[in-house]
Amino acid sequence: MTDNPLTLDALLALEHRGWEALTRHEGGRFYGALMTADAVMILVNGMVLDRDAIAATLDDSPAWSTFTLEDARVVPTGEASAALVYRATASRDGEDEPFVALMSSHYTLVDGEPALTLYQQTTVTH
């Protein structure tokens with residue numbers, strides 16, 4: 001029997017890999033491969049981007065220089081799916097204020113591996 005890929009530790013490690021990709025201008029490639037064909041990301045600016053838009057544009061976004069993920073928890077949503085909810089704080093070089101938001105990443109198992117189906121950001125005001 002293999003380890004459950006939808007545990008808190010497994011999903012948090014996957015989220016860390018995604019954020020690390022965003023520090024290297026590799027977010028488009030990472031999330032383009034991780035997202036299901038019909039997945040979307042809902043960003044704090046109101047944009048809703050599908051997998052093709054993410055894959056095409058995210059590598060060109062300004063890179064994060066630092067990030068922390070806190071208060072993570074898993075919400076089971078089915079036999080082969082779960083959501084990871086956490087608070088992210090991230091900074092970019094040259095910006096005065098950090099980006100602080102609550103994140104929700106929903107995953108479903110595809111061929112035994114987690115695939116991102118929905119991601120949403122909610123801004124946290126200071």
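Bear in mind that the values here come from a model prediction, so they are computed numbers and not experimental data. Basis for what follows: all heavy atoms, side chains included, without hydrogens, waters or symmetry-related copies.
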Shortest non-hydrogen pair, Ala72 vs Leu84, comes out as CB-CD1, 4.2 Å

Heavy-atom closest pair (Pro98 atom, Ser91 atom, distance to 0.1 Å) is CB-OG, 3.7 Å

Should Leu118 and Met103 be regarded as members of a common hydrophobic cluster, given that ILVMFWY residues are connected when their side-chain heavy atoms come within less than 4.5 Å of each other, either directly or indirectly?
-> no

Under 3.5 Å: donor-acceptor pair, side chain of Asp59, backbone of Gly27 | yes

For the atom pair OH (Tyr107) and CG (Leu6), what is the distance rounded to the nearest 0.5 Å?
-> 10.0 Å

Residues Pro5 and Pro114: closest non-hydrogen pair is O-CG, 3.5 Å

For Phe99, which of Phe67, Trp19, Trp64 qualifies under ring pair (Phe, Tyr, Trp, His ring centres under 6.0 Å)?
-> Trp64

Side-chain heavy-atom pair Tyr31, Met41 within 4.5 angstrom cut-off = yes

Just how far is it from atom OG of Ser65 to atom CD of Glu95, taken to the nearest 0.5 Å?
-> 8.5 Å

State, to 0.1 Å, how close Arg29 and His25 come at their nearest heavy-atom pair, and which atoms those are.
-> NH2-O, 3.2 Å

Under 4.5 Å between side-chain heavy atoms, hopping through other hydrophobics if needed: is there a path connecting Phe30 to Leu116?
-> yes

Apply the test side-chain contact (heavy atoms from CB on, under 4.5 Å) to residues Asp9 and Leu12: give CA-CA distance (whole Å), side-chain angles for both, the deciding distance (0.1 Å), then the verdict.
-> CA-CA 5 Å; Asp9 289 342; Leu12 195 53; 5.7 Å; no

Should Leu22 and Leu58 be marked as a side-chain contact (heavy atoms from CB on, under 4.5 Å) after you check the CA-CA gap, both sets of side-chain angles, and the distance that decides it?
-> CA-CA 8 Å; Leu22 294 170; Leu58 203 54; 3.7 Å; yes

Spatial distance of atom CD (Gln120) from atom OG (Ser104) [nearest 0.5 Å] | 7.0 Å

Within the side chain of Arg87, is there an N or O that forms a donor-acceptor pair under 3.5 Å with the backbone of Ala101?
-> no

Flag, side chain of His106 to backbone of Ser81, donor-acceptor distance under 3.5 Å = no

Are Glu15 and Tyr86 linked by a side-chain donor-acceptor pair shorter than 3.5 Å?
-> yes

His16 vs Leu69 side-chain heavy atoms within contact, under 4.5 Å = yes

Arg73: salt bridge (charged side-chain N to carboxylate O under 4.0 Å, His left out) partners, not counting sequence neighbours | none

How far apart are the closest heavy atoms of Val74 and Pro76, and which atoms are they?
-> O-CD, 3.7 Å

Can you get from Ile54 to Met47 by hopping between Ile, Leu, Val, Met, Phe, Trp and Tyr side chains that sit under 4.5 Å apart?
-> yes

Before giving the answer on side-chain contact (heavy atoms from CB on, under 4.5 Å), spell out for Tyr119 and Met35 the whole-Å C-alpha distance, their side-chain angles and the decisive distance to 0.1 Å.
-> CA-CA 10 Å; Tyr119 170 81; Met35 295 171 74; over 6 Å; no

Spell out, as yes or no, whether a donor-acceptor pair under 3.5 Å connects the side chain of Arg17 to the backbone of Ala13.
-> no

Quick one: are Val100 and Thr123 in side-chain contact, heavy atoms under 4.5 Å?
-> no

Are more than 12 heavy atoms from other residues, nucleotides or ligands located less than 6.0 Å from atom CD of Glu79?
-> no

Is Ile42 reachable from Leu102 through a run of hydrophobic residues whose side-chain heavy atoms are each under 4.5 Å from the next?
-> no

Going hydrophobic residue to hydrophobic residue with side-chain gaps under 4.5 angstrom, can you get from Leu34 over to Leu49?
-> yes

Would you indicate whether the side-chain heavy atoms of Leu11 and Ser105 approach each other to under 4.5 Å?
-> no

Donor-acceptor pair, Thr117 side chain versus Thr108 backbone, under 3.5 Å?
-> no

Nearest 0.5 Å, what's the CG-CD distance between Leu43 and Gln121?
-> 5.0 Å

